[in-house]
Protein chains: 2
Amino acid sequence: MGATKTEHYSQNQNAIASIAKALGHPARIAIMEFLAKVDTCICGDIVNELPLAQPTISQHLKELKNAGLIQGNIEGNAICYCINEKTMAKLQGYFINLALKLKKKNNCC
Amino acid sequence: MGATKTEHYSQNQNAIASIAKALGHPARIAIMEFLAKVDTCICGDIVNELPLAQPTISQHLKELKNAGLIQGNIEGNAICYCINEKTMAKLQGYFINLALKLKKKNNCC
DNA sequence: ATTCTTTATCGTAATATTGCAATATTAAAC
DNA sequence: GTTTAATATTGCAATATTACGATAAAGAAT
């Protein structure tokens, strides 16, 4: 085997896992931090910022995009990538809800 | 190649990525939800709940434990797994901070 | 039209993850 | 001490991820 059995889980579980998975790499965390910090959000700037080759960055951006965490707007021959606040909010909301459920029961450890 | 170049990122970036990575699988999300919902938290219950073989569950639990998301207490010959609220809080705090930074600038897309 | 700049895709090697059967470990129960 | 029950570890096959060089694509600048 080796492939995740996604069909056994709820749509929401798969959705949250897929967002978390996209954030599960330090380069992609670094990209998110850069996009949150900086005023411009040109792909080339990210390539300069991170210690990875351009194709690798492009691949990471694609994964963040597929997870809905960022979106890209074409600006001339460059591309401006930005954080999609909705997806971040969705993830946050999920965790807040999980923490709430946890508060309601006696965590036994 | 194929291995993540962790040495190029900050300790915090690696830490957050590793927590997110642990949550990046629907089975592990399902385990977290189960632990947040249910009053007992015996490993065997998780095995009964999820559509995976016992060794696979054990492996997923190990990963959640390595990421600091859960902890296990021995109870007789069973093991009681519980969510580690501190790690959840750390992750939440990180995202809240990221969202705050985002608010301070003009998200250009 | 050609060249330059920027980003994406392809191909591929190295490594990691997922899942499970078989087996080991550990502690309770008898 | 044997057996039973619960969890962990090992070993392995299938698949996925990571990283990058080479190359393609698409628009800007000349």
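Just so we're clear, the structure is a prediction, and the values are computed from it rather than from any experiment. Every chain is numbered from 1, with letters handed out A, B, ... down the list of sequences.
Salt-bridge check for Glu85(B) with Lys103(A): passed, with a basic side-chain N closer than 4.0 Å to an acidic carboxylate O.
The aromatic rings of Tyr9(A) and His25(B) lie perpendicular to each other, with more than 60° between the two planes, well past the 30° mark.
Residue Glu63(B) contributes atom CD, which lies 14 Å from atom P of dT17(D) at whole-angstrom precision. Spacing between atom CG of Asn48(A) and atom P of dT5(C) amounts to 13 Å, rounded to whole angstrom units. Per the geometry, NE2 belonging to His8(B) stands 10 Å off P belonging to dA19(D), to the nearest Å. Between the CD atom of Glu75(A) and the C1' atom of dA26(D) there is a distance of 16 Å, rounded to whole Å. To the nearest angstrom, P of dT18(C) lies 14 Å from CG of Leu50(B). Remark: P of dT18(C) and CD1 of Ile29(B) are 12 Å apart, rounded to the nearest angstrom. Look at CG on Leu52(A): it is 10 Å from C1' on dC20(D), rounded to the nearest Å.
Qualifying salt bridge (Lys or Arg N to Asp or Glu O under 4.0 Å) partners for Glu63(B), counting only residues two or more places apart in sequence or in other chains: Arg28(B).
With 3.5 Å as the limit, one finds a donor-acceptor pair spanning the side chains of Gln13(B) and Glu33(A).
Nearer the 5' end of DNA chain D, as judged by each residue's closest nucleotide, is the contact made by Pro51(A), out of Gly76(A) and Pro51(A).
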Please write out each protein N/O paired with an N/O of nucleotides 4-9 of chain D under 3.5 Å, distance rounded to 0.1 Å.
from, atom 1, to, atom 2, distance (Å)
dT7(D), OP1, Cys43(B), N, 3.4
dT7(D), OP1, Gly44(B), N, 3.4
dT7(D), OP1, Ile79(B), N, 3.1
dT7(D), OP2, Gly44(B), N, 2.7
dA8(D), OP1, Tyr81(B), OH, 2.4
dA8(D), OP2, Ser58(B), OG, 3.1
dA8(D), N7, Gln54(B), NE2, 2.6
dA8(D), N6, Gln54(B), OE1, 2.9

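OP1 or OP2 of dA19(D) sits under 4.0 Å from a side-chain N or O of His60(A).
Judged by distance alone, with hydrogens and angles left aside, the side-chain atoms of Asn73(B) form no donor-acceptor pair with the main-chain N or O of Cys80(B) at under 3.5 Å.
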